[in-house]
Amino acid sequence: VYGGIKHFAPGTMTRISVVPNGFDSHRFRKLPEIVKKDMALTVAVVEQERSFYMKGFDKFIETARLLPSFDFLMVGISNEYLNRLERDLPKNLKTLPYTDTDELIRRYSESKVFCLFSLSEGMPNTLNEAMLCECIPVGTQVTSIPEIIGETGYIIHSQDLSEYVNKVEMALRADPQLGKVARERITSRYNLESREKKIVSILSGS
């Protein structure tokens, strides 16, 4: 259940109405002038060691290293933290600092696959935004991630690096049509209009 109710407060009996986030499918959409690349993308604000591991950037780097024939892009890691990394980054991995929404949409639009390797999440905006831009999602089995992805992508069930590599490679080799199905899932389940109607209904007691 979104908001982490089932995960963080199991057995809750209080009457609760869950209203998931809504996303603007008109703004977040694949830009028609951009062609998808065989590239995997991850996005998060990473400025310290805790967020680096919580967002699974370590797994993303190692996955890129083991799939050298594909391109990988990491968005959101600070230059200060990047400079502290002791390991050499693989040549097929590029990094960008966190950027504005328009630039993110361009990156979503050019990436065939979006990876969310988090150890903990609520209802991640980046996953929904990327799926709206027709990225095929690959995510960990954490709170709402599997429910958001559904049958439109790939779920990682363990911390075994080989599963990360296998699932990302499967997504990179999948039919691009799966990305369009991912967009349809978000537009039908998590749109702004439905969120607004549900909130109004709850507040009015109808």
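Here, residue 1 is the first one in the sequence, and each next residue gets the next number.
- Asn128 contributes atom CG, which lies 12.0 Å from atom CZ of Arg183 (distance to the nearest 0.5 angstrom).
- Both tests pass for Lys59 against the ring of Tyr164: distance under 6.0 Å to the centre and angle within 45° of the axis.
- Remark: Glu47 CD to Glu80 CD distance equals 8.0 Å, nearest 0.5 Å.
- Side-chain contact of Asp160 with Ser162: a donor-acceptor pair under 3.5 Å is present, judged by distance alone.
- One finds the NZ atom of Lys36 at 8.5 Å from the CD1 atom of Ile136 (value rounded to the nearest 0.5 Å).
- The existence of a salt bridge linking Arg27 and Asp102 is confirmed by a sub-4.0 Å separation between a basic side-chain nitrogen and an acidic carboxylate oxygen.
- Separation of atoms OG1 (Thr140) and CD (Gln159) is listed at 7.5 Å; rounding is to 0.5 Å.
- The structure places CG of Leu41 at 12.0 Å from CG of Asp71, a figure rounded to the nearest 0.5 Å.
- Lys30 is linked by a salt bridge (charged side-chain N to carboxylate O under 4.0 Å, His left out) to nothing, counting only residues two or more places apart in sequence or in another chain.
- Salt-bridge annotation for Lys180 and Glu184: absent, with no side-chain N of the basic residue lying under 4.0 Å from a carboxylate O of the acidic one.
- Using modelled atom types and a 3.5 Å distance limit, the side chains of Ser118 and Glu121 yield a donor-acceptor pair.
- With respect to Glu103 and Arg107, a salt bridge is recorded, a charged nitrogen being found less than 4.0 Å from a carboxylate O.
- Using a 3.5 Å distance cut-off with no hydrogens or angles, the side chains of Tyr81 and Gln48 do not pair a donor with an acceptor.
- There is no path of hydrophobic side-chain contacts, each under 4.5 Å, that joins Val138 to Met54.
- The pair Glu147-Arg185 fails the salt-bridge criterion, with no side-chain N (NZ, NE, NH1 or NH2) lying under 4.0 Å from an Asp/Glu carboxylate O.
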